Amino acid sequence: MSVQNYIVKNERIRNAFLELKQSGKFNGQQRLNFSWSNWGFGLESLEDTAKRLQKAGIRYIELHGNHYGGDLGYKVKETLAVLDEHELKVSGVCGMFSADNDLSSNRAIHRQAAIDYLKREIEFTEAVGGSYLLVVPGAVGRAAKYDDMEFDRSVETLRLVADLFVKHGVKAAIEPIRSAEVSFVHSIADAQKYIRAVDHPGIGHINADIYHMQAEEAHIGESLLAAGEQLVNLHLADSNRCALGEGSLDLDTVIMALYVLGYNREGRFVTPEPLGPGGDPYPAMYGKPDKALLDHMVMQSAAYFREREEALLS
């Protein structure tokens, strides 16, 4: 009996991974850089978050892009002091795009808010040593399109700040999100089309997300390989958007694809972002932290990822 199509694709990636391991080009000592996205921790203090990540042996953090106004958000000096105390470095910043700061909005005031927000976050990302800033072309939580011009408005608006990414040495990482949450740019191919449309050296990278890829991509491993050098960060969650190991995600194929891609190097990150199911994840920003749940989520995800990575590399 023949095997299912996805198994054929899995085996291609496994064979490429095994061939790489047996070649003289394989660097098994350099593991994937494991980070954590903290915006889903709600109103928890950065100090408490840093303690948890340090306890789990995590060295990088993707910071919540919480500079929604000039007086709001993390302060550079205080942030670096907390992270230094707990031996953490910033991988990047998770840009947050709602209807209030939508690059594609049909209201100019909201596009201007997106421009102002990006200016603040780009400067902050450089100041704390982050290498990328996540950019979503349309508002998260708005699945219905405004009109047929939203893609073009988003491209035009992002182009206005593109020079700043180059000036501050920050990679703009375009994130495709499933169609249940955003109205356009749902896949790796969509993100690449968007990047080509912006056509600027400051806008050239991708933040993929495994949870969204399950809904939008024909095969996650093949799509990661298709992202190629543009892939700078990969958000992780299991199939149920919970901690790694608590769903049915084929994590082994994801890890093997990343090694085949040569992703185990500086400046490239895998970053859990388990938020639980739902069409609009942003309320997680304002929730009261459940310390025991967050502790479990971090320890479970970190331990399971390292276990699977070690099993594949041994």
Side-chain angles (χ1 to χ4, degrees), residues 31-97 101 116-135 164-165 168-171 173 175 207 232-237 243-244 266-275 281-303 305-306:
R31 302 301 170 89
L32 297 166
N33 294 311
F34 192 87
S35 183
W36 196 280
S37 183
N38 78 322
W39 71 266
F41 287 178
L43 298 178
E44 180 176 82
S45 71
L46 185 59
E47 175 73 26
D48 287 345
T49 293
K51 288 179 181 178
R52 177 182 299 112
L53 299 187
Q54 184 181 38
K55 184 177 180 181
I58 296 171
R59 297 171 46 232
Y60 295 98
I61 184 171
E62 179 185 89
L63 287 170
H64 176 189
N66 57 8
H67 299 91
Y68 303 110
D71 298 319
L72 300 174
Y74 296 127
K75 303 298 185 286
V76 173
K77 183 176 180 181
E78 291 86 341
T79 297
L80 290 175
V82 170
L83 298 183
D84 287 346
E85 181 181 355
H86 297 284
E87 301 178 305
L88 284 167
K89 295 181 179 180
V90 177
S91 55
V93 172
C94 186
M96 313 299 286
F97 296 86
N101 64 335
D116 296 340
Y117 172 74
L118 281 168
K119 288 178 178 179
R120 291 188 294 268
E121 289 300 351
I122 293 168
E123 291 182 1
F124 174 78
T125 302
E126 180 192 28
V128 296
S131 62
Y132 66 86
L133 171 62
L134 188 156
V135 177
L164 293 178
F165 284 98
H168 293 278
V170 174
K171 299 179 181 69
E175 181 174 21
N207 182 101
V232 70
N233 187 54
L234 177 62
H235 279 164
L236 298 172
L244 296 177
E266 292 305 311
R268 299 294 188 270
F269 303 93
V270 290
T271 306
E273 188 195 45
L275 300 168
Y282 278 3
M285 289 191 295
Y286 308 110
K288 181 179 180 180
D290 182 333
K291 185 178 184 301
L293 176 63
L294 296 179
D295 287 348
H296 165 77
M297 190 165 58
V298 170
M299 296 300 291
Q300 162 69 24
S301 295
F305 185 90
R306 289 171 180 143

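Just so you know, these numbers come straight off a predicted model, no measurement behind them. The basis for the numbers below is simple: all heavy atoms, side chains too, and nothing from hydrogens, waters or symmetry mates.
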State, with a plain yes or no, whether a side-chain heavy atom of [X] is found less than 4.5 Å away from one of [Y].
| X | Y | value |
| --- | --- | --- |
| Asn233 | Arg268 | no |
| Asn33 | Val270 | no |
| Phe97 | Leu118 | yes |
| Val135 | Phe165 | yes |

With distance as the sole test, does [X] use its side chain to make a donor-acceptor pair with the main-chain N or O of [Y] at under 3.5 Å?
| X | Y | value |
| --- | --- | --- |
| Ser131 | Ser91 | yes |
| Asn207 | Leu134 | no |
| Asn66 | Tyr74 | yes |
| Lys89 | Glu87 | no |

Looking at every non-hydrogen atom in both residues, tell me the closest pair between [X] and [Y] and how far apart they are.
| X | Y | result |
| --- | --- | --- |
| Ala173 | Val232 | CB-CG1, 3.7 Å |
| Cys94 | His235 | SG-CE1, 4.4 Å |
| Glu62 | Val93 | CG-C, 4.2 Å |

Calculate, to the nearest 0.5 Å, the distance between atoms [atom1] and [atom2] belonging to [X] and [Y] respectively.
| X | Y | atom1 | atom2 | answer |
| --- | --- | --- | --- | --- |
| Ile58 | Leu53 | CD1 | CG | 5.0 Å |
| Asp116 | Asn101 | CG | CG | 10.0 Å |
| Leu294 | Thr49 | CG | OG1 | 7.5 Å |
| Ile61 | Thr271 | CD1 | OG1 | 10.5 Å |
| Gln300 | Phe305 | CD | CZ | 13.5 Å |
| Asp290 | Glu44 | CG | CD | 10.5 Å |

* To do: Using the six-membered ring wherever Trp is involved, compare the ring planes of His67 and Phe124 and label them parallel, tilted or perpendicular (cut-offs 30° and 60°).
  => tilted
* Asked: For the residue pair Phe269 and Tyr60, does the interplanar ring angle fall in the parallel (under 30°), tilted (30 to 60°) or perpendicular (over 60°) class?
  -> perpendicular
* Give the C-alpha distance, both sets of side-chain angles, the deciding distance and a yes or no for side-chain contact (heavy atoms from CB on, under 4.5 Å) between Glu47 and Glu85. => CA-CA 9 Å; Glu47 175 73 26; Glu85 181 181 355; 3.9 Å; yes
* Asked: Does the pair Leu63 and Leu46 meet the rule for a side-chain contact (heavy atoms from CB on, under 4.5 Å), with working shown?
  -> CA-CA 9 Å; Leu63 287 170; Leu46 185 59; 3.9 Å; yes
* Residue pair Leu275, Trp39: steps toward the side-chain contact (heavy atoms from CB on, under 4.5 Å) verdict -> CA-CA 10 Å; Leu275 300 168; Trp39 71 266; 3.4 Å; yes
* Does Lys75 NZ have over 12 foreign heavy atoms under 6.0 Å away? -> yes
* Of Arg52, Gln54, Lys55, Arg59, the residue whose pairing with His86 passes side-chain hydrogen bond (donor to acceptor under 3.5 Å, both in side chains) -> Gln54
* To do: Test Trp36 against Phe41 for side-chain contact (heavy atoms from CB on, under 4.5 Å), laying out the working first.
  => CA-CA 11 Å; Trp36 196 280; Phe41 287 178; 3.2 Å; yes
* To do: Among Val170, Leu164, Leu133, find the residue that satisfies the side chain to side chain contact (heavy atoms under 4.5 Å, CB included) test when tested with Glu126.
  => Val170
